[in-house]
*Asks:* 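Quick one: the structure is below, and I'll ask about it shortly.
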Amino acid sequence: AVVRGRRERRVALQELAGRTAALHDSQERYRAIVDRAEGIFLADAATKELIECNAALRALLGYSAEETARLTLYDLDTDTRDGVDAAFRQLTDGKRPLQLDRRYRHKDQSRVEVTLHASVFMQGTRAIVCGAVRDVTALRDSESQLRQAQKMEAIGQLAGGIAHDF
């Protein structure tokens with residue numbers, strides 16, 4: 001009976017080791033996917049404290065993992081506290097995902113234009129905001145340049161039309 005008990009224990013330990021290794025591999029794959037995605041964060045809906053964010057968001061805003069652990073959404077968003085609170089009230093009151101255009105603050109204090117896709121889920125009694133952030137700074141700059149070029153073209157056509165009349 002003692003031999004059988006030891007053998008069963010050894011088999012159980014081997015099975016546990018196999019499951020632990022499989023779980024570790026699964027977590028590594030999950031982390032690899034999340035870190036390579038757009039900027040993603042989890043924040044406490046009440047305090048706006050960052051709970052976690054991925055490597056892409058840290059790279060976008062220039063922060064280390066240790067630094068982001070001490071940040072709130074108030075630190076990242078260039079809007080006032082009231083503005084941030086109002087945006088997140090829309091999210092929590094509506095209980096549906098939102099897409100918002102925001103300006104985030106890089107560690108070097110430059111501004112980053114982003115589109116934020118945010119939703120709320122409950123973890124026990126705690127409301128958690130899940131946000132996906134896409135950098136649209138280059139897109140906004142291109143749109144601005146296009147508008148400027150269109151204005152210049154319109155002025156050129158107007159000037160050409162006036163000159164033609166004379």
*Asks:* Let me confirm one number: the CZ-OG1 distance from Phe41 to Thr68, rounded to the nearest 0.5 Å.
*Replies:* 12.0 Å
*Asks:* Please name all residues satisfying side chain to side chain donor-acceptor pair (under 3.5 Å) with Glu66, sequence neighbours left out, ordered by chain then number.
*Replies:* Ser64
*Asks:* Heavy atoms only: give me the nearest Thr92-Ala45 pair and the separation to one decimal.
*Replies:* CG2-CB, 4.2 Å
*Asks:* Who pairs with Arg105 by side-chain contact (heavy atoms from CB on, under 4.5 Å), at least two apart in sequence or on another chain?
*Replies:* Thr78, Gln109
*Asks:* Show the nearest heavy-atom pair for residues Leu71 and Asp75, with the distance to one decimal.
*Replies:* CA-OD2, 3.4 Å
*Asks:* Within a strict 4.5 Å, meaning less than it, do heavy atoms of the Leu73 and Leu50 side chains meet?
*Replies:* yes
*Asks:* Who pairs with Arg134 by side chain to side chain donor-acceptor pair (under 3.5 Å), at least two apart in sequence or on another chain?
*Replies:* Glu38
*Asks:* State, yes or no, whether a side-chain contact exists between His117 and Pro97 at a heavy-atom distance under 4.5 Å.
*Replies:* no
*Asks:* Taking C-beta and beyond as the side chain, do Leu100 and Leu91 meet within less than 4.5 Å on heavy atoms?
*Replies:* no
*Asks:* Among the clusters formed by ILVMFWY side chains lying less than 4.5 Å apart, do Tyr74 and Tyr63 turn up in the same one?
*Replies:* yes
*Asks:* Is any side-chain heavy atom of Arg102 closer than 4.5 Å to one of Val84?
*Replies:* yes
*Asks:* To the nearest 0.5 angstrom, please state how far the CG atom of Leu98 sits from the CZ atom of Arg96.
*Replies:* 5.5 Å
*Asks:* Who passes side chain to side chain donor-acceptor pair (under 3.5 Å) against Ser119, sequence neighbours left out?
*Replies:* none
*Asks:* Just verifying a value: how many Å separate Leu13 CG and Glu8 CD, rounded to the nearest 0.5 Å?
*Replies:* 12.0 Å
*Asks:* Would you give the length of the straight line joining atom CG of Leu61 to atom CD of Glu67, rounded to the nearest 0.5 angstrom?
*Replies:* 11.0 Å
*Asks:* How long is the gap from CG on Leu23 to CZ on Arg19, to the nearest 0.5 Å?
*Replies:* 11.0 Å
*Asks:* Between Tyr104 and Leu60, does the side-chain contact (heavy atoms from CB on, under 4.5 Å) criterion hold? Intermediate values first, please.
*Replies:* CA-CA 10 Å; Tyr104 277 12; Leu60 175 66; 5.9 Å; no
*Asks:* According to side-chain contact (heavy atoms from CB on, under 4.5 Å), who are the partners of Asp108, at least two apart in sequence or on a separate chain?
*Replies:* His106, Ser110
*Asks:* Could you tell me the separation between the NE2 atom of His24 and the CD atom of Glu28, rounded to the nearest 0.5 Å?
*Replies:* 3.5 Å
*Asks:* May I have the list of side-chain donor-acceptor pairs in residues 122-131 shorter than 3.5 Å, sequence neighbours left out?
*Replies:*
| residue | atom | partner | partner atom | Å |
| --- | --- | --- | --- | --- |
| Arg126 | NE | Asp44 | OD2 | 2.8 |
| Arg126 | NH2 | Asp44 | OD2 | 3.4 |

*Asks:* Does a salt bridge link Lys48 with Asp85, judged by any charged N lying under 4.0 Å from a carboxylate O?
*Replies:* yes
